[in-house]
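Letters go in sequence order (proteins before strands), and every chain restarts at 1. What you are looking at is a predicted structure, and each value in this text was computed from that prediction instead of being measured.
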There are 2 protein chains.
Amino acid sequence: MNKSTRTTRQRQVILDQLCALSTHPTADELYHLVRQELPHISLGTVYRNLELLSDQGLIQCLELSGHQRRYDGSTAPHSHIRCTVCDRVADLPIAPPQAPLAEAQRHTDFLVTGLKTEFVGLCPSCRCAKDK
Amino acid sequence: MNKSTRTTRQRQVILDQLCALSTHPTADELYHLVRQELPHISLGTVYRNLELLSDQGLIQCLELSGHQRRYDGSTAPHSHIRCTVCDRVADLPIAPPQAPLAEAQRHTDFLVTGLKTEFVGLCPSCRCAKDK
DNA sequence: GTGTCTGCAAACCATTTGCATCGGT
DNA sequence: ACCGATGCAAATGGTTTGCAGACAC
């Protein structure tokens with residue numbers, strides 16, 4: 001049986017704000033946004049709620065190869081692309097590429113359960129900066 | 001023109017040890033190994049050399065979704081699988097899965113340059129632990 | 001001798017945690 | 001009233017950096 005959770009104002013605002021965004025913010029970025037509505041919220045609370053919401057499957061936690069964790073309000077399956085220069089992340093509305101898990105399984109003593117993919121590239125502004 | 005680099009004993013030992021391993025060690029794991037040969041080496045030196053060697057293309061730096069960076073003495077193209085429980089990483093001697101970069105490009109204003117893939121699963125020992 | 005590299009220790013930065021208090025139920 | 005959640009601040013842990021002395025060339 002699952003632990004019961006309460007609907008606090010903090011949790012609700014965090015979820016609402018995240019779902020209203022398509023920028024895949026870091027915990028800190030979201031913290032600053034939420035603070036405009038709840039000026040006394042603490043960063044620890046943001047972290048705790050993001051973990052809880054993602055455990056409940058209401059949001060998605062993106063552990064891409066960048067330096068900071070990012071969060072996505074959409075839980076529908078889609079891909080992501082990350083800018084190799086500024087680490088910005090965008091959605092890519094195509095299904096995550098499939099891979100031959102069965103073939104992979106033939107080559108390892110690990111139990112193969114999945115594949116994580118991440119497109120990489122240059123975001124519009126880093127792309128322009130580079131052209132100069 | 002590239003900055004010149006010197007062949008120090010530290011750099012050589014780090015490279016040799018890493019290439020002799022197939023365990024994809026973290027900087028800290030490698031540090032402890034290297035210390036058996038060079039007891040006074042510092043962790044900072046290990047980090048600096050790993051970065052330098054990977055800039056030179058002599059080793060590969062793995063930024064998988066785990067918590068720590070890992071390093072691979074082999075630069076030949078191959079895949080990796082990561083244990084979701086203990087973060088251990090192993091080689092997978094199959095070519096990295098291809099993806100339709102051109103199709104991805106049609107859906108984003110990023111300049112798509114590549115795809116990073118990472119198999120995930122359970123390593124033999126975490127798999128056994130789970131069976132109990 | 002020049003300029004890179006090292007060891008050491010302190011700094012950094014994202015994330016986590018302990019604790020007293022608050023507030024949903 | 002109970003117990004989960006919060007705010008605060010300190011702790012953690014991986015990685016980076018400043019600096020004075022050491023060493024490769």
### Task
May I ask you to test the B:His24-B:Gln60 pair for a side-chain heavy-atom distance under 4.5 Å?
no
### Message
With heavy-atom distances below 4.5 Å as the criterion, would you say the side chains of B:Cys123 and B:Cys86 are in contact?
### Response
yes
### Summary
Contact string for nucleotides 11-21 of chain D, one letter per nucleotide 5' to 3', B = base within protein heavy-atom range under 4.0 Å, S = sugar-phosphate only, - = neither, reads ---SBBBB---
### Partner set under side chain to side chain contact (heavy atoms under 4.5 Å, CB included) for B:Pro100, not counting sequence neighbours
B:Glu103
### Query
Hey, what else clusters with A:Leu101 if you join Ile, Leu, Val, Met, Phe, Trp, Tyr whenever side-chain heavy atoms sit under 4.5 Å?
A:Phe110, A:Val112, A:Leu115, B:Ile81, B:Leu92, B:Ile94, B:Phe119
### Query
In the hydrophobic clustering (ILVMFWY, side-chain contacts below 4.5 Å, transitive), which residues join A:Leu64, or is it alone?
A:Leu62, A:Val89
### Query
With sequence neighbours excluded, what pairs up with B:Ser74 under the side chain to side chain contact (heavy atoms under 4.5 Å, CB included) test?
B:Asp72, B:Ala76, B:His78
### Query
Which ILVMFWY residues are connected to A:Val120, directly or by a chain of links, through side-chain heavy atoms under 4.5 Å apart?
none
### Query
With A:Glu51, which residues qualify under salt bridge (Lys or Arg N to Asp or Glu O under 4.0 Å), at least two apart?
none
N/O-N/O pairs, protein side and nucleotides 22-25 of chain D side, under 3.5 Å:
unit_1: D:dA24; atom_1: N3; unit_2: B:Arg6; atom_2: NH1; d: 3.2
unit_1: D:dC25; atom_1: OP1; unit_2: B:Thr7; atom_2: N; d: 3.2
unit_1: D:dC25; atom_1: OP1; unit_2: B:Thr7; atom_2: OG1; d: 2.6

#### Entry: All pairs passing salt bridge (charged side-chain N to carboxylate O under 4.0 Å, His left out) where residues 11-33 of chain A contributes a residue, at least two apart
A:Glu29-A:Arg70
### Query
For A:Glu29 and C:dT15, what is the distance between atoms CD and C1' respectively, to the nearest whole Å?
15 Å
### Message
Can you measure A:Leu38 atom CG to C:dC22 atom P for me and round it to whole angstrom units?
### Response
18 Å
### Query
Which whole-number value in Å describes the distance from A:His40 NE2 to C:dT21 P?
19 Å
### Query
Mind checking who shares a hydrophobic cluster with A:Leu38, ILVMFWY linked at side-chain heavy-atom distances under 4.5 Å?
A:Val13, A:Ile14, A:Leu15, A:Leu18, A:Leu21, A:Leu30, A:Tyr31, A:Leu33, A:Val34, A:Ile41, A:Leu43, A:Val46, A:Tyr47, A:Leu50, A:Leu53, A:Leu58, A:Ile59, A:Tyr71
### Task
With sequence neighbours excluded, give me every salt bridge (charged side-chain N to carboxylate O under 4.0 Å, His left out) pair touching residues 81-100 of chain B.
B:Arg82-B:Asp87, B:Arg82-B:Glu118
### Message
Short of 4.0 Å, heavy atom to strand atom, which residues of residues 10-25 of chain A count as contacting DNA chain D?
### Response
A:Gln10, A:Arg11
### Query
Roughly, in whole Å, what's the span from OH in A:Tyr31 to P in C:dT16?
16 Å
## Note on the structure
Atom CG of A:Leu52 and atom P of D:dA5 are separated, to the nearest Å, by 6 Å
### Query
How many Å lie between CG on B:Asn49 and C1' on C:dT4, as a whole number?
11 Å
